[in-house]
Amino acid sequence: MSLRIAYITTQFPAPSETFACNDVRMLVELGADVRVYGMRSPHSRAQEMARERGVSNVTISACGPREVVGGLLYAFYRIDLLLKLVLWVVALEWRRIGNLIRCLAFVPASFFVLKELRRERPDVVHLFWGHYPSLVGQLVLSDLRSVKVTMFLGAYDLAMRLAISGDLARRVSGVFTHARANLHELAEVGVAASSVSVVHRGVDQSSLGKYVCDSVSKDLFEILSAGRLIESKRFDAAISLLPELPGFRLVIAGEGPDEKRLKDLAVSLGVADRVEFCGFLSQERLLKRMASAGFFVLLSDKAGERLPNVVKEAMFAGCVCVVADTPGIEELVAHGVTGFVVGNANSNMASEIIRNLGHQDIGLIRERASLAIKDNFDLKVSMTCYLDRWVALCSADAH
């Protein structure tokens, strides 16, 4: 059964969301007809990222100024639906004015997407994020009642605590999440664990395998870290490891507003000559750096950090990973077996681990980490789980 699936997200492609492109690409490979609808303007590098990530053949609709105006006009044409949506948002978000204003700002984009969905009539509308795309979900439930609506609710969605997300999650046909650790938070917003599909987000192992092979030699004195350069990602903690690790170098891949502060920190600690800021890297270039790095460090305490894909990729690439103790991390990293988990404030423990690991221990951890990803975090398996759930939902109606 070939399904027509509409993916609703905020921006696609987005620099820090390679995993979204991986999901869409794999669904297409599995035979689904996927169209993506973004609720923001396209990123300045949208076409470049689409080519790099293998989704340039996917129909992608973004919501720039022209689409916002079109959506606003359509909203007034469907005034009954507009009033119903606004009243729903106000009733649920009035206690948090910031959330209310941001939700209302996305109303025109939501109506633009609805108009597109009415024309395309997909079998399934899937909300890739459970926050602002919930507006589209509510419109579809009200106006396209034969269409199945499912949504993903992850740590970022739960941290935002949008009341509309919880309300919608109790009424859609299916809810997905990517870590068992999220289930208790979903229960707090009234979503029973029995109605949630826990599907670990997988990595594209066939693609990774092109850059990860035994012929690539590891530099055991190179530590890699990657992500958006923002304060909550704690790249300062990674830099602070170096005074305790003579001879080691740190490579930081990413860009963001915290870059200057991080460079100043490296200078003040006297390690600037051992820290390389290499900016934004395409997935291919990042994977090549992972293939040659001995260690990967991610000490982020970001509220939405759950089982980061970048750590899975580093484990697959044979890096010894040292990561912060974030919710659910034990589902990914077994401490002392497939990597190391340290307390968010315990950088001394991280440097001690890296400094004292012997070659034999490094070899065993690398082998076990790579095997754990191969066995438990395969993108094809993950997206097959999604597809099976959607087919079951649509087949139930057909009978």
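For reference, positions follow the sequence shown, starting with 1.
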Query - CG on Asn376 to CG on Leu371, rounded to 0.5 Å - result: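 Taking CG in Leu371 and CG in Asn376, the distance rounds to 8.5 Å.
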Query - Option among Val191, Asp157, Val198 that satisfies the side chain to side chain contact (heavy atoms under 4.5 Å, CB included) test with Leu186 - result: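 Per the side chain to side chain contact (heavy atoms under 4.5 Å, CB included) rule, the option paired with Leu186 is Val191, out of Val191, Asp157, Val198.
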Query raised in the report: Judged by atom type as modelled, is there a donor-acceptor pair below 3.5 Å linking the side chain of Ser370 to the main-chain atoms of Arg366?
Result: no
Query raised in the report: Among pairs that include at least one residue of residues 88-101, which meet side-chain hydrogen bond (donor to acceptor under 3.5 Å, both in side chains), considering only residues two or more places apart or in two chains?
Result: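 Those involving residues 88-101 are Trp88-Asp167, Asn99-Arg102.
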**Report entry** Contact check, side chains of Trp129 and Met39, non-hydrogen atoms, under 4.5 Å
**Finding:** no
Report task. Answer whether the closest heavy-atom distance between the side chains of Leu241 and Phe295 falls below 4.5 Å. Result -> no
Requested in this report: Would you mind reporting whether Phe106 and His131 have side-chain heavy atoms less than 4.5 Å apart?
Outcome: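 Result no, sub-4.5 Å side-chain heavy-atom pair not found.
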**Report entry** Closest non-hydrogen atom pair between Val89 and Ile164, with its separation
**Finding:**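 Closest pair (atom of Val89, atom of Ile164, distance): CA-CG2, 4.3 Å.
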Requested in this report: Answer yes or no: is there a donor N or O on one side and an acceptor on the other, between the side chain of Ser395 and the main chain of Ala392, under 3.5 Å?
Outcome: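 Judged by distance alone, no pair lies under 3.5 Å.
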Query raised in the report: Does the pair Arg289/Glu276 count as a salt bridge with the N-to-O cut at 4.0 Å?
Result: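 So Arg289 pairs with Glu276 through a salt bridge.
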Query raised in the report: Do you see a donor-acceptor pair shorter than 3.5 Å between the side chains of Glu305 and Thr326?
Result: no
Query raised in the report: Is any side-chain heavy atom of Ser134 closer than 4.5 Å to a side-chain heavy atom of Leu162?
Result: no
Query raised in the report: In Å, rounded to the nearest 0.5 Å, how long is the span from SG of Cys319 to NZ of Lys218?
Result: 3.5 Å
Requested in this report: Assign the ring pair Phe128 / His126 to parallel, tilted or perpendicular, where the plane angle (0 to 90°) is split at 30° and 60°.
Outcome: perpendicular
Query raised in the report: Nearest 0.5 Å, what's the CD-CZ distance between Gln138 and Arg171?
Result: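 With rounding to 0.5 Å, CD (Gln138) is 4.5 Å from CZ (Arg171).
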Query raised in the report: Does Asn356 use its side chain to pair, donor to acceptor, with the backbone of Glu352 at less than 3.5 Å?
Result: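 Checking the backbone N and O of Glu352 against the side chain of Asn356, a donor-acceptor pair under 3.5 Å is found.
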Query raised in the report: Are Ser16 and Arg228 close enough, and set up right, to give a side-chain hydrogen bond (donor to acceptor under 3.5 Å, both in side chains), and what steps lead you there?
Result: CA-CA 7 Å; Ser16 59; Arg228 182 159 166 72; over 6 Å; no
Query raised in the report: Counting only heavy atoms not in Gln47, do more than 12 sit closer than 6.0 Å to its CD atom?
Result: no
Query raised in the report: CG/Leu357 to CD1/Ile354 distance, rounded to the nearest 0.5 angstrom?
Result: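 So the gap between those two atoms works out to 8.0 Å.
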Query raised in the report: In terms of the angle between their ring planes, are Phe377 and His200 parallel, tilted or perpendicular, with boundaries placed at 30° and 60°?
Result: tilted
Query raised in the report: Looking at Lys260 and Asp264, does any basic side-chain N land under 4.0 Å from a carboxylate oxygen?
Result: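 Looking at Lys260 and Asp264, the cut-off is met.
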Report task. Take Arg161 and Glu188 through the salt bridge (charged side-chain N to carboxylate O under 4.0 Å, His left out) test and state the conclusion after the steps. Result -> CA-CA 11 Å; Arg161 291 285 178 176; Glu188 289 176 1; 3.0 Å; yes
Requested in this report: To the nearest 0.5 angstrom, please state how far the CD atom of Glu67 sits from the OG atom of Ser41.
Outcome: 8.0 Å
**Report entry** Thr150 backbone acceptor or donor facing Ser173 side chain under 3.5 Å
**Finding:**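 It does not hold such a pair.
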Query raised in the report: Around Glu367, counting heavy atoms of other residues, nucleotides and ligands shown, do more than 12 lie under 6.0 Å from its CD?
Result: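 No, because the 6.0 Å sphere around CD of Glu367 holds 12 heavy atoms or fewer from other groups.
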Requested in this report: Can you sort out the partners of Glu331 under salt bridge (Lys or Arg N to Asp or Glu O under 4.0 Å), two or more places apart, ordered by chain and number?
Outcome: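 Here no residue qualifies.
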Report task. If you link ILVMFWY side chains whenever their heavy atoms are less than 4.5 Å apart, which other residues fall into the same cluster as Leu73? By chain and number, please. Result -> Val69
Query raised in the report: Does the side chain of Tyr37 come within less than 4.5 Å of Val136's, by heavy atoms?
Result: no
Query raised in the report: Are the side chain of Thr338 and the backbone N or O of Arg368 linked by a donor-acceptor pair below 3.5 Å?
Result: no
**Report entry** Sequence-distant partners of Arg249, salt bridge (Lys or Arg N to Asp or Glu O under 4.0 Å), two or more places apart
**Finding:** Asp219, Glu222
Report task. Would you kindly confirm whether Leu245 and Val267 end up in one hydrophobic cluster when ILVMFWY residues are joined by side chain heavy atoms under 4.5 Å apart? Result -> no
Report task. Report the C-alpha distance between Cys321 and Leu298 in whole Å, list the side-chain angles of each, state the deciding distance to 0.1 Å, and finish with yes or no for side-chain contact (heavy atoms from CB on, under 4.5 Å). Result -> CA-CA 8 Å; Cys321 291; Leu298 187 67; over 6 Å; no
Query raised in the report: According to a 4.5 Å side-chain heavy-atom criterion applied to Ile, Leu, Val, Met, Phe, Trp and Tyr, with indirect links allowed, do Leu72 and Tyr77 form part of one hydrophobic cluster?
Result: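 Yes, it is one cluster - the side chains of Leu72 and Tyr77 are joined through contacts under 4.5 Å.
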Query raised in the report: Do the ring planes of Phe221 and Phe248 sit parallel (below 30°), tilted (30 to 60°) or perpendicular (above 60°)?
Result: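 Answer is tilted, since the angle falls between 30° and 60°.
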Query raised in the report: Are Val68 and Ile8 connected in a single hydrophobic cluster, I mean Ile/Leu/Val/Met/Phe/Trp/Tyr linked by side-chain heavy atoms less than 4.5 Å apart?
Result: no
Query raised in the report: Mind checking whether Ile373 and Val381 sit in one hydrophobic cluster, side chains of I, L, V, M, F, W, Y counted as touching below 4.5 Å?
Result: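 Different clusters: Ile373 never reaches Val381 through Ile, Leu, Val, Met, Phe, Trp or Tyr contacts under 4.5 Å.
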Query - Sole candidate of Leu299, Asp301, Val341, Val333 that passes side chain to side chain contact (heavy atoms under 4.5 Å, CB included) when paired with Asp325 - result: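 Looking at Leu299, Asp301, Val341, Val333, the match for Asp325 under the side chain to side chain contact (heavy atoms under 4.5 Å, CB included) is Val341.
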Query - salt_bridge(Glu17, Arg53) N-O dist < 4.0 Å - result: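 Not counted as a salt bridge, because no side-chain N and carboxylate O are separated by less than 4.0 Å.
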Requested in this report: For Glu185 and Arg306, run salt bridge (charged side-chain N to carboxylate O under 4.0 Å, His left out): C-alpha distance rounded to whole Å, both residues' side-chain angles, the deciding distance at 0.1 Å, then the answer.
Outcome: CA-CA 13 Å; Glu185 293 182 61; Arg306 301 284 162 92; 3.0 Å; yes
**Report entry** Close side-chain approach of Val199 and Arg389, heavy atoms under 4.5 Å
**Finding:**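 Val199 does not reach Arg389 side chain to side chain.
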**Report entry** Pairing residues for Asp236 by the salt bridge (Lys or Arg N to Asp or Glu O under 4.0 Å) criterion, not counting sequence neighbours
**Finding:** Arg234, Arg261
**Report entry** Side chain to side chain, Tyr386 and Asp23, heavy atoms closer than 4.5 Å
**Finding:**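 SC-SC contact between Tyr386 and Asp23 ruled out.
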Requested in this report: Say whether, by atom type as modelled, one donor and one acceptor occur between the side chain of Lys312 and the main chain of Arg201 under 3.5 angstrom.
Outcome: yes
Requested in this report: Supply the atom-to-atom distance Phe316 CZ to Leu208 CG, rounded to the nearest 0.5 angstrom.
Outcome: 5.0 Å
Requested in this report: Find out whether the Lys NZ or Arg CZ of Arg118 is both under 6.0 angstrom from the six-membered ring centre of Tyr74 and within 45° of the ring's axis.
Outcome: no
Query raised in the report: Passes side-chain contact (heavy atoms from CB on, under 4.5 Å), Ile5 versus Leu387? Steps please.
Result: CA-CA 10 Å; Ile5 302 164; Leu387 205 50; 3.9 Å; yes
Query raised in the report: What pair of heavy atoms forms the shortest contact from Pro13 to Met49, and how long is it?
Result: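 Of all heavy-atom pairs spanning Pro13 and Met49, the closest is O-CE, 3.5 Å.
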Report task. Report yes or no: do Leu87 and Leu81 belong to one cluster of Ile/Leu/Val/Met/Phe/Trp/Tyr joined by side chain heavy-atom distances under 4.5 Å? Result ->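 Per the 4.5 Å side-chain linkage, Leu87 and Leu81 are not co-clustered.
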Report task. Inspect the contact between Lys233 and Asp258 and indicate whether a charged nitrogen and a carboxylate oxygen are less than 4.0 angstrom apart. Result -> no
Query raised in the report: Can you name the salt bridge (Lys or Arg N to Asp or Glu O under 4.0 Å) partners of Arg119, sequence neighbours left out?
Result: Glu116
Requested in this report: Would you sort out whether Gln283 and Glu52 count as a side-chain contact (heavy atoms from CB on, under 4.5 Å), showing the intermediate values?
Outcome: CA-CA 8 Å; Gln283 189 178 32; Glu52 289 176 352; over 6 Å; no
**Report entry** Over 12 non-hydrogen atoms of neighbours within 6.0 angstrom of CZ in Arg145
**Finding:**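 Open.
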Query - Residue pair Lys148, Asp123: steps toward the side-chain contact (heavy atoms from CB on, under 4.5 Å) verdict - result: CA-CA 6 Å; Lys148 296 297 181 184; Asp123 300 302; over 6 Å; no
